[in-house]
Number of protein chains: 2
Amino acid sequence: MSRIGLTAQRKLILDIVSEASDHPTASDIIDRLKLQGQTVAYATVYNSLRYLTDQGLIRELKLEGDASRYDARMEDHQHIVCTSCGRVDEVMTEIPKDWLRQIEAETGYSITEEQLLFKGVCAECRTSNNKAVQ
Amino acid sequence: MSRIGLTAQRKLILDIVSEASDHPTASDIIDRLKLQGQTVAYATVYNSLRYLTDQGLIRELKLEGDASRYDARMEDHQHIVCTSCGRVDEVMTEIPKDWLRQIEAETGYSITEEQLLFKGVCAECRTSNNKAVQ
DNA sequence: CCCTTTATTTAGACTTAGTTTAAATTTAGA
DNA sequence: TCTAAATTTAAACTAAGTCTAAATAAAGGG
């Protein structure tokens with residue numbers, strides 16, 4: 001029985017996710033590793049991201065687009081994406097407990113997790129009369 | 001300027017999505033077309049799904065797994081997925097308005113859309129002492 | 001109606017994101 | 001040190017979806 005914990009590769013990847021504020025994709029992470037002059041195999045990046053997710057050290061997010069994004073903020077929170085510029089911000093406001101209880105009553109499920117994605121236009125895009133996606 | 005509306009292929013696909021209660025994927029839809037003895041090109045299924053989504057006739061859902069799912073119920077609603085058996089149900093309970101206003105205040109966004117995914121264990125899985133994902 | 005233009009469908013090549021495989025390497029611990 | 005288990009690696013592979021260019025269908029003006 002071994003309890004290796006963080007290998008060098010996993011640590012590198014955890015550090016990148018922890019220091020990022022933009023919820024990077026696997027491919028973003030590969031780019032940043034290259035910028036640091038590190039070479040980590042493609043599959044190792046994916047394996048490590050799964051390992052870190054399973055260990056509860058990071059979270060996998062499926063937001064817009066095809067590629068999963070990763071987030072090292074583990075406090076309970078949700079996300080909001082700007083339909084105009086694409087930035088993703090954190091939503092820290094807690095989900096109303098009585099609303100969750102209402103949903104459990106309606107559906108018969110016992111809820112264990114919530115993945116909430118809000119979309120809208122961020123303050124910057126609203127002020128800079130950017131008429132993109134509105 | 002032409003306003004063709006529904007071609008034969010698009011109508012076939014809309015009917016499949018409308019009659020389904022299981023949020024089918026593109027590949028599910030291709031299977032069901034084959035079962036009906038219809039042949040619609042692969043790319044046409046994707047093109048049609050996008051067209052129908054753009055026209056507001058169906059909704060694209062990104063739930064668990066890699067493939068998008070499609071839903072013809074257009075009333076404002078959300079989804080809940082059972083972590084034990086994988087079934088997906090609709091959540092009709094409305095999002096508390098004051099909570100949304102709170103999030104707008106916190107983030108500075110003006111919210112235009114919500115994609116909320118709840119996870120939990122459905123009533124059936126709980127009673128049939130299925131210990132899978134708990 | 002016929003002709004031209006525009007939209008749609010089609011097959012198949014291609015892309016992107018991620019998984020699998022099997023060998024090589026590393027690590028842990030007896 | 002030696003062995004067994006875990007991890008990393010490169011490369012092949014898979015799944016989901018997009019793109020391209022040609023073929024077909026439909027619309028509208030004359």
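Chain A is the first sequence line, chain B the second, and so forth, proteins listed ahead of strands; every chain is numbered from 1.
For Thr44(B), taking side-chain heavy atoms from C-beta onward, the closest of the listed nucleotides dT10(C), dA17(C), dT9(D) is dT10(C). Side-chain proximity of Asp66(B) to dA11(C), dG17(D), dA16(D): nearest is dA16(D). For Ser68(A), the listed nucleotide lying nearest its side chain is dG18(C); candidates were dT10(C), dA11(D), dG18(C). Of the candidate nucleotides dT9(C), dC19(D), dT9(D), dT9(C) has the atom nearest to the side chain of Asn47(B). The Arg10(A) side chain lies nearest to dT7(D) when the options are dT7(D), dT9(D), dT9(C).
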Might you work through the side-chain contact (heavy atoms from CB on, under 4.5 Å) test for Ile16(B) and Gln36(B), ending with a clear yes or no?
CA-CA 10 Å; Ile16(B) 287 175; Gln36(B) 295 180 8; 3.6 Å; yes

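One finds a salt bridge joining Arg87(A) and Glu124(A) here, because a Lys/Arg side-chain nitrogen approaches an Asp/Glu carboxylate oxygen to under 4.0 Å. Taking the charged nitrogens against the carboxylate oxygens, Asp22(A) and Arg32(A) do have a contact shorter than 4.0 Å, which makes a salt bridge. A salt bridge does not link Arg10(A) to Asp54(A): none of the charged nitrogens lies less than 4.0 Å from a carboxylate oxygen.
Straight-line distance from the NZ atom of Lys11(A) to the C1' atom of dT26(C): 19 Å, rounded to whole Å. Going from atom OH of Tyr51(A) over to atom P of dT27(C) covers 14 Å, rounded to whole Å. In this structure, Lys62(B) atom NZ and dA16(D) atom P are separated by 13 Å, rounded to whole Å. Look at CG on Leu49(A): it is 12 Å from C1' on dA17(C), rounded to the nearest Å. A straight line from CG of Asp54(A) to C1' of dT7(D) spans 15 Å, rounded to a whole angstrom. Whole-Å rounding puts the Leu6(B) CG to dA7(C) C1' distance at 14 Å. As rounded to whole Å, 15 Å separates atom C1' of dA17(C) from atom CG of Leu63(A). Rounded to a whole Å, the CD atom of Gln55(B) is 14 Å from the P atom of dA7(C).
Residue Gln9(B) has a polar side-chain atom (N or O) positioned under 4.0 Å from OP1 or OP2 of dT10(C). Side-chain nitrogen and oxygen atoms of Tyr46(B) include none within less than 4.0 Å of the OP1 or OP2 phosphate oxygen of dT18(D). Under 4.0 angstrom from either OP1 or OP2 of dA15(D) there lies no side-chain N or O belonging to Ser27(B). For the OP1/OP2 pair of dT7(D) and a distance below 4.0 Å, the side-chain nitrogens and oxygens of Thr7(A) include no atom meeting the criterion. Residue Arg50(A) places at least one side-chain N or O under 4.0 Å from the OP1 or OP2 atom of dT19(C).
Under the 30°/60° scheme for interplanar angles, the aromatic rings of Trp99(B) and Trp99(A) are found to be tilted.
The partner of dT8(C) is dA23(D), judged by Watson-Crick or G-U wobble contacts that both fall below 3.5 Å.
Interface remark: the Tyr42(A) side chain does form a donor-acceptor pair with the dG18(C) base, using a distance-only criterion of under 3.5 Å.
Using a 4.0 Å heavy-atom criterion, one finds that Ala67(A) contacts the sugar-phosphate atoms exclusively.
Listed by chain and residue number, Lys119(B) satisfy the side chain to side chain donor-acceptor pair (under 3.5 Å) test with Glu64(B) (two or more places apart in sequence, or in another chain).
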